[in-house]
Amino acid sequence: MYLNLYKMIEKDLEQNKPKETPSKSRREALKTMLTLPVVGALGVGVLKKVLKEHDLRKKRNLFAFENKPKLPQDVVGKEIRLGIIGFGIRGKQLLQGLGFVEPKVIDEMALKSKMDSKDTRLQLFREQDDLNVIINGVCDIFDPYGEAAVEAGANIHRQGTDGKMGKEPVRYRTYQELIAADDIDAVIIASPDHWHGQMTIDAALAGKHVYLEKPFTWTVPETYRVRDVVKKTGIVFQLGHQGRQTDSYIRAREIIDLGLLGKVSLIEVCTNRNTPNGAWVYPIIEGSSPDTIDWKQFEGPIEQIKEYEAYMKANKLDHFMGPDARNHFSLERFFRWRCWWDYSTGLSGDLLTHEYDAINQMLEVGIPSSVVSSGGIYVFPDGRTVPDVVQTVMEFRDKEITMLYSATQGNSRRRGKVIMGRDASLEVSSTLLMTADPASVRYEQQINEGVIKTDEPFYSYIPGSNKVDAVTSATELYFAQRGLLYTYVGGKRYDTTHLHLREWLYCIRNNQTPSCHIDASFEEAMTAHMGTRAYLEGRTMYWDKEREEITRG
Amino acid sequence: MNYSTKQLSALVIIRVLVGWHFAYEGLAKIFNPNWSAAMYLRDSQGFFSRFFINLADSSAMPVVDLINEWGLLLIGLGLMCGAFSRIASVCGILILALYSLSHPFFIGVQYVMPVDGNYLWIDRNIIEMATLLVIFIFPTSQIIGLDRFIIKYVPKLV
């Protein structure tokens with residue numbers, strides 16, 4: 001057909017002179033519309049493709065969710081007057097989540113964003129919602145940190161060094177003075193692990209609400225006491241597992257509750273880090289000395305130290321203590337305290353807890369019925385007493401689930417949390433990937449029809465995407481997994497630490513219970529302690545549910 | 001312009017094929033309700049990356065998306081049908097130039113977005129730009145195309 005048409009065009013071109021013949025208008029029309037059939041072909045092709053995809057979508061869309069992101073709570077109500085104890089690495093992040101940063105840090109952020117257009121931290125920080133709080137008191141036993149906290153607390157307009165500052169918070173030398181202050185309603189505790197329990201007890205007894213960084217406690221005996229005091233005083237308590245605010249975890253729970261994975265029997269969670277910083281070898285600040293560090297306070301709470309030493313000695317674990325005497329001033333121990341059991345809870349308390357709490361949020365596994373651990377100091381033999389490689393196996397007999405925690409500080413391979421069921425596996429990170437099991441009964445028909453392939457995820461979830469069904473484009477997923485697709489809640493980007501603090505403040509104003517409440521904290525602490533004890537003692541730890549006690553079987 | 005039949009056929013074929021590509025790129029975006037240029041823009045590299053990355057987070061994004069969806073479709077239809085074909089070629093060149101500026105294939109540049117092929121400085125966008133330049137300089141739409149008809153009414157636009 002096209003050959004004939006071209007012949008006609010050729011003829012027409014040869015006859016350059018216009019002639020008024022009847023066929024002229026026909027030829028004219030033909031030349032004008034010659035390429036239109038191609039447009040038609042494209043139309044038909046597109047229609048066929050769209051219909052086919054629609055059909056596939058319908059078959060694959062085995063379940064539907066209401067895709068409403070959990071919106072952050074409104075900031076309504078009176079101003080909350082805060083105090084912060086500890087302004088180290090995490091303390092700084094927490095104040096930032098509340099909207100307070102040192103002016104010089106703002107300058108640095110501005111410079112960085114000027115140098116690298118992809119560095120949007122300053123913009124994000126400035127856009128972060130105002131939580132209607134004021135920092136009235138700060139406390140840090142290291143002078144530069146204490147002074148920095150004062151500067152951050154005064155920076156109410158989020159300005160650089162040339163900006164206008166607000167009233168400076170009071171710097172207290174001891175946390176006891178801070179919690180005794182009348183102009184403080186609630187405290188944020190971001191001290192080293194060995195102080196967590198006692199500070200929480202004292203703050204609660206003083207009637208202050210508490211946001212406590214994880215882990216919940218350092219010793220087993222204090223765990224009961226902290227729980228009792230928090231419950232008795234009725235303060236609003238939140239433990240700092242900000243993963244509770246992660247959109248994909250909330251959606252993962254829905255998937256599990258709907259039974260889409262089938263019976264879950266095994267869960268694998270991991271920590272992989274491969275830098276000195278990731279292994280807690282933090283920089284030592286030059287010029288620090290007993291003049292700028294209050295070592296006496298750093299040593300720790302008397303009662304807990306007694307409990308720690310009694311446990312270690314009773315189980316012949318003296319070699320895990322020290323090696324320095326507690327009253328011996330050491331910059332290494334001060335800045336890198338996570339490396340010694342004398343102050344730390346090791347991988348179990350610092351990082352297993354994040355993974356455990358995420359799974360506890362999704363499956364409500366509770367305290368494991370038994371725990372075994374092994375590991376060693378294989379990567380950083382720098383005098384530390386805590387291991388840098390740890391494998392912990394937790395059994396949840398009631399739930400008929402095993403959870404494996406696998407950690408190394410000597411390799412940064414990305415391994416997600418994987419929840420394995422008879423019908424599907426769910427890989428949880430900031431996104432969700434669900435892959436059907438080849439032997440699944442639930443998805444058998446779809447697998448046989450080829451609608452579900454078992455070698456690739458058949459459901460993926462990207463928080464913030466407007467999707468109503470389960471099909472995500474490969475490109476979108478690719479971007480999301482590499483962090484280029486930001487998580488939006490109601491059109492805004494949020495940091496989970498900000499959301500977690502925000503939930504706590506909302507609960508204070510409305511007398512409600514936060515998501516990482518005291519019972520979840522007790523479960524987190526006992527699980528971590530069982531992991532630690534199993535490692536130290538080299539034997540299985542059991543949980544006596546009736547008596548709420550760790551036993552050795 | 002006086003073309004031989006072979007020349008005319010070749011030029012029309014190029015025009016229709018490039019038009020097809022543009023039109024389908026537009027349609028594919030229109031039919032994907034979740035499509036947005038934002039992720040692509042955030043992956044920008046090179047001298048102008050700051051502009052493109054800022055654009056991704058700006059309030060202009062709905063317009064950017066609209067241009068990429070309907071703009072591409074209209075350019076494609078224009079080229080295929082031979083309607084306002086010169087305007088379509090110029091718009092096509094402009095939009096491709098923006099893609100090239102946001103994702104230049106300089107030595108050492110790496111993109112998050114997987115690239116299907118191997119490029120050094122010259123990629124498919126630049127080749128398609130050059131093709132559109134040929135289409136612009138050797139117009140055929142007034143011989144084979146709706147412009148034959150349109151010229152009678154709006155000669156300036158054709």
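Residue numbers start from 1 in every chain, and the chains themselves are labelled A, B, ... in the order their sequence lines are given, proteins ahead of strands.
- When heavy atoms are compared at a cutoff of 4.5 Å, A/Val39 approaches chain B by way of both its backbone and its side chain.
- Applying the 6.0 Å contact sphere to CG of B/Asn118 captures no more than 12 heavy atoms from other residues, nucleotides or ligands.
- For A/Leu42, the parts sitting under 4.5 Å from any heavy atom of chain B are the backbone and the side chain alike.
- Both the backbone and the side chain of A/Glu28 come within less than 4.5 Å of a heavy atom of chain B.
- Neither the backbone nor the side chain of A/Ala29 comes within contact range of chain B, judged by heavy atoms closer than 4.5 Å.
- The line from CD of A/Gln123 to CG of B/Asn54 is 7.5 Å long, rounded to the nearest 0.5 Å.
- Within a 6.0 Å sphere centred on CZ of B/Phe149, heavy atoms belonging to other residues, nucleotides or ligands number 12 at most.
- Note that CG of B/Leu146 is 10.5 Å distant from CG of A/Leu34, once rounded to the nearest 0.5 Å.
- Rounded to the nearest 0.5 Å, atoms CD1 (B/Ile151) and OG1 (A/Thr32) are 11.5 Å apart.
- Under a cut-off of 6.0 angstrom, the local environment of CZ in B/Phe138 is sparse, with at most 12 non-hydrogen atoms contributed by other residues, nucleotides or ligands.
- Remark: side-chain polar atoms of B/Arg50 are paired, donor with acceptor, to backbone N or O of A/Lys114 under 3.5 angstrom.
- One finds the CD1 atom of B/Ile13 at 12.0 Å from the OG1 atom of A/Thr35 (value rounded to the nearest 0.5 Å).
- Rounded to the nearest 0.5 Å, atoms CZ (B/Phe31) and NZ (A/Lys49) are 11.5 Å apart.
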